[in-house]
Asker: 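I have a structure I would like to understand better, so I am pasting it below and will then ask my questions one at a time.
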Number of protein chains: 2
Amino acid sequence: MVRQREFDEERALDDAMQLFWEKGYKATSLSDLTNKMGIQRPSLYSAFGDKEELFEAALRKYIKLHSSDIRTKLQNNLSVKEAFRTFFEDLVEEEYKGSPSKGCFCINTMVELAPYDEKFEILTREHQMYLSVIFQETIVTGISSGELESSLNAKMLAQTLVVSLIGLTVLMKSRPERSFVDNSVAMILSLLK
Amino acid sequence: MVRQREFDEERALDDAMQLFWEKGYKATSLSDLTNKMGIQRPSLYSAFGDKEELFEAALRKYIKLHSSDIRTKLQNNLSVKEAFRTFFEDLVEEEYKGSPSKGCFCINTMVELAPYDEKFEILTREHQMYLSVIFQETIVTGISSGELESSLNAKMLAQTLVVSLIGLTVLMKSRPERSFVDNSVAMILSLLK
DNA sequence: AGTATAATATACTGAACGGTATAAAATGAT
DNA sequence: ATCATTTTATACCGTTCAGTATATTATACT
């Protein structure tokens, strides 16, 4: 080893993640990437491979962060109902305060790439399955503690919450009236009896 | 008027719709379009304007077809519960038999373009609102006939069903285990009491 | 039949794309 | 201090992109 890399790989990957997250795969050019990452083209290729490999690394990083973020949010609350309520309400609040957020990188990828590339089909599917497991565990906790009715089917309910989360996230991209989203959240949460 | 157009505009627009629906805006090139539509580039420009105008026309056509298709499916049934059940189950069945379908053109556009172009934000939002109205009318019918409990909030429920429809459509792009989707559908339908 | 008009087909434009060859700059090991 | 090695920076590659200029073909009207 002779000359050391001048840029922070993790920092550069984070910049790439933000860009792909915001604009998607096709709409993000290599010039966009090198500008945002602050590195030259050959440095990008030597460090991350081609555009698709960089995208995959960025998505994997997002999925890790997203998973632990959701886990934290759901566990940061004594009440399970309250945890889900603040989780969904914060999701909505984040989207409606000021300028729109970028939505979910994984969901964007499900739409843009999953149908045409098995690698991304699997990656995004496994993330959704993982989220449903986190949800399920949280629901089971609520049942065990007596907060939720023992008649609830934790797995089915968790899967339904994942579907609802996806639906809300995508719907909000069209910026519907807030009441549309609020009503849906309220009704979805009513499933947690 | 002197020389008449050699191609069927409506047919050509339908071809463009299929292509944009399948591949999205950016991933569909003008060469893809002229090949599929069977016309030359200048014919396309003179008949439909530029790529974005053609895309908008294609999306508007899809939205019209989709609206009336859903209206038909929901009204083709004596029981409201049964109508929604077959609607959602057919949606899933269509996706899982053989090769995957193209999903929903409007949802794809919500993800790819709505956040960056107000024209498509409005267009897609209004379609989702329209769908929720169709759903709401159907639910009200069920309440009036006594099939559904009068305590149901038709509007909230309809909006929730739209969110669920979006979530299911997007989730299926990652081709999850069928039970994941079936469970969600069953739980969503349980809201129709 | 001749002419005006509009729709074709061909070929081209400049720009942007993803990716890379080449060479200069920098550093650890000897 | 020199050398081997790897990262930089610049400039370039062929390809594809959306869009158009040009010229040919076909039709309706006179």
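Only this structure's heavy atoms are used, side chains among them; waters, hydrogens and symmetry mates stay out. Bear in mind that the values here come from a model prediction, so they are computed numbers and not experimental data. Chain A is the first sequence line, chain B the second, and so forth, proteins listed ahead of strands; every chain is numbered from 1.
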Asker: Of the nucleotides D/dT10, D/dT20, C/dT10, which has the atom closest to the B/Q40 side chain?
Answerer: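 So the side chain of B/Q40 is nearest to C/dT10.
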
Asker: In this structure, how many angstroms lie between the C1' atom of D/dA18 and the NZ atom of B/K51, rounded?
Answerer: 8 Å

Asker: Answer with base, sugar-phosphate or nothing: what part of the nucleic acid does A/T28 contact at a heavy-atom distance below 4.0 Å?
Answerer: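 Sugar-phosphate, backbone atoms only, no base.
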
Asker: Let's see if you can work this out: which of D/dT20, C/dG19, C/dT10 has an atom nearest to the side-chain heavy atoms of B/R41?
Answerer: D/dT20

Asker: Whole angstrom is fine here: how far is it from CG in A/D8 over to P in D/dT7?
Answerer: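 These atoms are roughly 15 Å apart.
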
Asker: Taking B/K119 first and then B/E52, would you say they form a salt bridge - that is, a charged N and a carboxylate O separated by under 4.0 Å?
Answerer: yes

Asker: In whole angstrom, what separates A/L54's CG from C/dG19's C1'?
Answerer: 14 Å

Asker: Nearest whole angstrom, please: distance from the P of D/dT15 to the CG of B/L30.
Answerer: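 The distance from CG of B/L30 to P of D/dT15 comes to 20 Å, rounded to the nearest Å.
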
Asker: Nearest whole angstrom, please: distance from the P of C/dG19 to the CD1 of A/I39.
Answerer: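 Distance, rounded to whole Å: 14 Å.
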
Asker: Expressed in angstrom and rounded to an integer, what is the separation of B/L44 atom CG from C/dT10 atom C1'?
Answerer: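 Checked: the CG to C1' distance equals 16 Å.
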
Asker: Are there more than 12 heavy atoms of other residues, nucleotides or ligands under 6.0 Å from atom NZ of A/K36?
Answerer: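 Atom NZ in A/K36 is packed in, count exceeds 12.
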
Asker: Does the cation-pi check pass for B/R125 over A/F180, that is, NZ or CZ under 6.0 Å from the six-membered ring centre and within 45° of its axis?
Answerer: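 The answer is no; the distance or angle limit is not met.
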
Asker: I need the CZ-P distance between A/F48 and D/dT7, as an integer number of Å.
Answerer: 12 Å

Asker: Please work out whether the ring planes of A/F55 and A/Y25 are parallel, tilted or perpendicular, with thresholds of 30° and 60°.
Answerer: perpendicular

Asker: Can you tell me which nucleotide in C/dG18, C/dT8, D/dT8 comes closest to the side chain of B/S43?
Answerer: C/dT8

Asker: Choose from C/dA9, D/dA9, C/dG18 the nucleotide whose nearest atom is closest to any side-chain atom of B/P42.
Answerer: C/dA9

Asker: Figure out the CZ/P separation between A/F55 and C/dG18, and round it to whole Å.
Answerer: 13 Å

